Number of protein chains: 2
Amino acid sequence: MANLTIKDIAKICGVGTSTVSRAINDDPGINPATKERILRVVEEFHYVPNNAARNLKLTENNAIGVLVKGLNNQFFLSMFRIFEEELGKQGYTFVLKEMASDQDEATVAEALIKEKRLKGIIFMGGMIENPDVTLKRLDIPYVLCTVAVNANVRHSASVSIDDEKESFRIVDYLCSLGHKRIAIITGRKNDYAVGGLRLDGYKRALADYGIPYDANLVGYMKDDIPDFTAKNGYTVMKELLESRVDFTAVYAISDLTAFGAYKAISEAGKKIPDDYSVVGFDGIDLTEYMTPSLTTMAQPKEELAKATVKMLMQEIDGVETEKKVVFDAEFIERDSVKKI
Amino acid sequence: MANLTIKDIAKICGVGTSTVSRAINDDPGINPATKERILRVVEEFHYVPNNAARNLKLTENNAIGVLVKGLNNQFFLSMFRIFEEELGKQGYTFVLKEMASDQDEATVAEALIKEKRLKGIIFMGGMIENPDVTLKRLDIPYVLCTVAVNANVRHSASVSIDDEKESFRIVDYLCSLGHKRIAIITGRKNDYAVGGLRLDGYKRALADYGIPYDANLVGYMKDDIPDFTAKNGYTVMKELLESRVDFTAVYAISDLTAFGAYKAISEAGKKIPDDYSVVGFDGIDLTEYMTPSLTTMAQPKEELAKATVKMLMQEIDGVETEKKVVFDAEFIERDSVKKI
DNA sequence: TACTTCATTGGTAACGTTTCCTATCAACTT
DNA sequence: AAGTTGATAGGAAACGTTACCAATGAAGTA
């Protein structure tokens, strides 16, 4: 039961350790017959190379980190499986790390990189002011997956949707249906990120329709409740409802938030979509089974995740590549919105 | 930027490598003053020990594995953060691995243990027939967290709730309210696990009230849809509704399943709880914001998770300990059930 | 035949730690 | 003063790999 080493295998096969090493690593310069013989022994004795030793020797670890801001966001969770699967195919392992929203990504990343000897890193969620400069000191490849950035990013690889644009589409759709008073539940007030981007799209669509922007119609998520949760959506929606401002539609910046809004609306004795139309964002599985089913802007999770690891692999391999990949989101019309 | 080694630090401080090692590991036999001095240099130069080298030397890795069957279950997800946090405190890292429901836990575990040089392992979900014998060949400590087992487990550490008992409580409650025709949406037909346990409790409560068991009232989750999901609940509920068997209450074995059931009921033009009472199981956050809010049996996630790592730590340290910890679930009465 | 080439192979020095063992030296003991 | 203790320190071997280099021998060439 004691763990075998490469030396044991070498002895059993009557060859040198380097030969065994060559066999198990698919290295060239070995007689196919010998290789075959060694591999059989390896199989038979259940030999597994010691990763620590390998990493030590190679001075690298086949691990990539996933740094997430806002792990509670449903939407991210569904992407991890894809990350694990895709990275696994390439022989990588993945280390998940959550960071608080007030932590600095570069600092956390740097610590994690050293500690886990990461080969690459994926950032998810939140906002990184100016990744080109902030992340410059990281000495490994990274890619930003659905993180908000300021414009003019040139050197940082990123994959995401165009939050402002897709947000515009939603509000544009609402307007086209005749809605003029549209409330929005957006992110925390002092936390730009996707909340800010989506709010921008909202404003632009309104302007496009010549509808004046009314600050009373925007509800910011509460700082003291985890953001992007049903609870936060519920709380903000309730306030909106009680504030007695007039509106016919609510655009919740995430599906879970919309879910909470449903509750508040129902408690107020109002009906969706008759009294209020509501639309969400992200496209999590749940939305299909809400009553009424939620109209939402679905992010292409799988494409996003796959593109992210592909991009990271290319960065690691030093392949010159497109730095910014933007996918289209898919607008799913369901039963939570009505024409006015 | 190149990574420093212990030798560099030693040179800078003008001491030997062993002294540095002693300093950073809080080992005894070092002059506090020297230690202080070394630690300051370590800090200043951002030295981080190479884990690979450390693991190689120690022939062990401070990693523990979490093997999950049914990662899609909402409920598990909320426990990972606690695992990460608690394990982190003890200086452990955690490796998450999902396994398909038809994979053998012992085999998967064994491979993972060798590959990642795990020091301990946590199993979550699914069913392990007879862990005492099946898992005997694992040569590291493990604990079963919310996995269904056959009775008579003596040597395997486990923490969970008593699924049969809590399930009994639910149905007992329903009966006490006058319900006599109670449908249940349980796990897959050929997959015992918690589904079986909870079904057992259902049967016992019925018997207790002298209500005959009616196979027409039990809906099994579909094999071709991920289990414990809203979609599966929706599908099964719809069938139940269309089968025209008569019932006044539905007990869904998981909250997400209940969520799907809500949809099917609403589509059939029926009302909760007026036409059908429904109750869920697990107590995920969402339930509070469903309309009507869902009566459910909440598992004490935090206690479960904390007890699991505590137990594992004790097993690793060779502390003689209670082998089986069972927590009570908390029944949360909300608005989805009415008296008949 | 003697020389070169080529495909295989084994030996061994790293990789960066930890830990055992030995060395130093000051402070006590007698 | 000589011997003993105890605290602190450094040297070096080991952990299991990989990769460089040299060695072997068969086959091909002149």
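Here is how names work: the chains are called A, B, and so on, in the same order as the sequence lines, proteins then strands, and each is numbered from 1. Not measured: the values here are computed from a predicted model.
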message: Need to verify one output field. Residue with the more 5' nearest nucleotide on DNA chain C, B/Asn50 or B/Arg22?
response: B/Asn50
message: For A/Val153, is there any backbone N or O sitting under 3.5 Å from a side-chain donor or acceptor partner on A/Ser156?
response: no
- prompt: Taking CG from B/Asp27 and P from C/dT17, how many angstroms apart are they, rounded to a whole number?
  reply: 14 Å
- request: Could you state the atom-to-atom distance from CG of A/Leu56 to C1' of D/dT18 in whole Å?
  value: 10 Å
message: Base, sugar-phosphate or nothing for B/Asn55? Non-hydrogen atoms, less than 4.0 Å.
response: nothing
- prompt: Within less than 4.0 Å of OP1 or OP2 of D/dT18, is there a side-chain N or O belonging to A/Asn25?
  reply: yes
message: Measure CG/B/Asn31 against P/D/dG6 and give the value in whole Å, please.
response: 18 Å
query: Counting only side-chain N and O atoms of A/Thr19, is one of them less than 4.0 Å from OP1 or OP2 of C/dG10?
result: yes
message: Given B/Cys13, which partner from the list B/Thr34, B/Val41, B/Thr19, B/Leu39 fulfils the side chain to side chain contact (heavy atoms under 4.5 Å, CB included) test?
response: B/Val41
- prompt: Ignoring hydrogens and angles, are the base of C/dA14 and the side chain of A/Lys57 linked by a donor-acceptor pair under 3.5 Å?
  reply: yes
task: Give a yes/no answer on whether the side chain of A/Ser21 brings an N or O atom under 4.0 Å of OP1 or OP2 in D/dT18.
output: yes
- line: Ranking A/Val48 and B/Gly14 by the position along DNA chain D of their nearest nucleotide, the one closer to 5' is B/Gly14
message: Rounded to whole Å, how long is the line connecting atom CG of B/Asn51 with atom P of C/dT18?
response: 10 Å
- prompt: What integer distance in Å separates B/Ile30:CD1 from D/dG6:P?
  reply: 20 Å
query: Do B/Asn130 and B/Lys136 have side-chain heavy atoms sitting under 4.5 Å apart?
result: no
- request: Using a strict 4.0 Å threshold on nitrogen-to-oxygen distance, state whether A/Lys306 and A/Glu302 make a salt bridge.
  value: yes
- prompt: Quick one: on DNA chain D, does B/Thr34 or A/Lys7 contact a more 5' nucleotide (nearest heavy atom)?
  reply: B/Thr34
message: What contact category does B/Thr5 fall into here, base, sugar-phosphate, or nothing, at under 4.0 angstrom with non-hydrogen atoms?
response: sugar-phosphate
- prompt: So, are B/Lys69 and B/Asp227 salt-bridged, with charged N and O less than 4.0 Å apart?
  reply: no
- prompt: Between C/dG16 atom C1' and A/Leu58 atom CG, what is the distance in whole Å?
  reply: 14 Å
- line: B/Glu36 atom CD is separated from D/dT8 atom C1', nearest whole Å, by 17 Å
field: N/O (side chain, A/Thr17) to phosphate O (OP1/OP2, D/dT17) under 4.0 Å
entry: no
Value in whole Å for how far the P atom of C/dG10 lies from NZ of A/Lys35: 16 Å
message: With a 4.0 Å limit, can you tell me whether B/Arg54 has a side-chain N or O closer than that to the phosphate oxygens OP1/OP2 of C/dT18?
response: yes
query: Within less than 4.0 Å of OP1 or OP2 of D/dT17, is there a side-chain N or O belonging to A/Tyr47?
result: yes
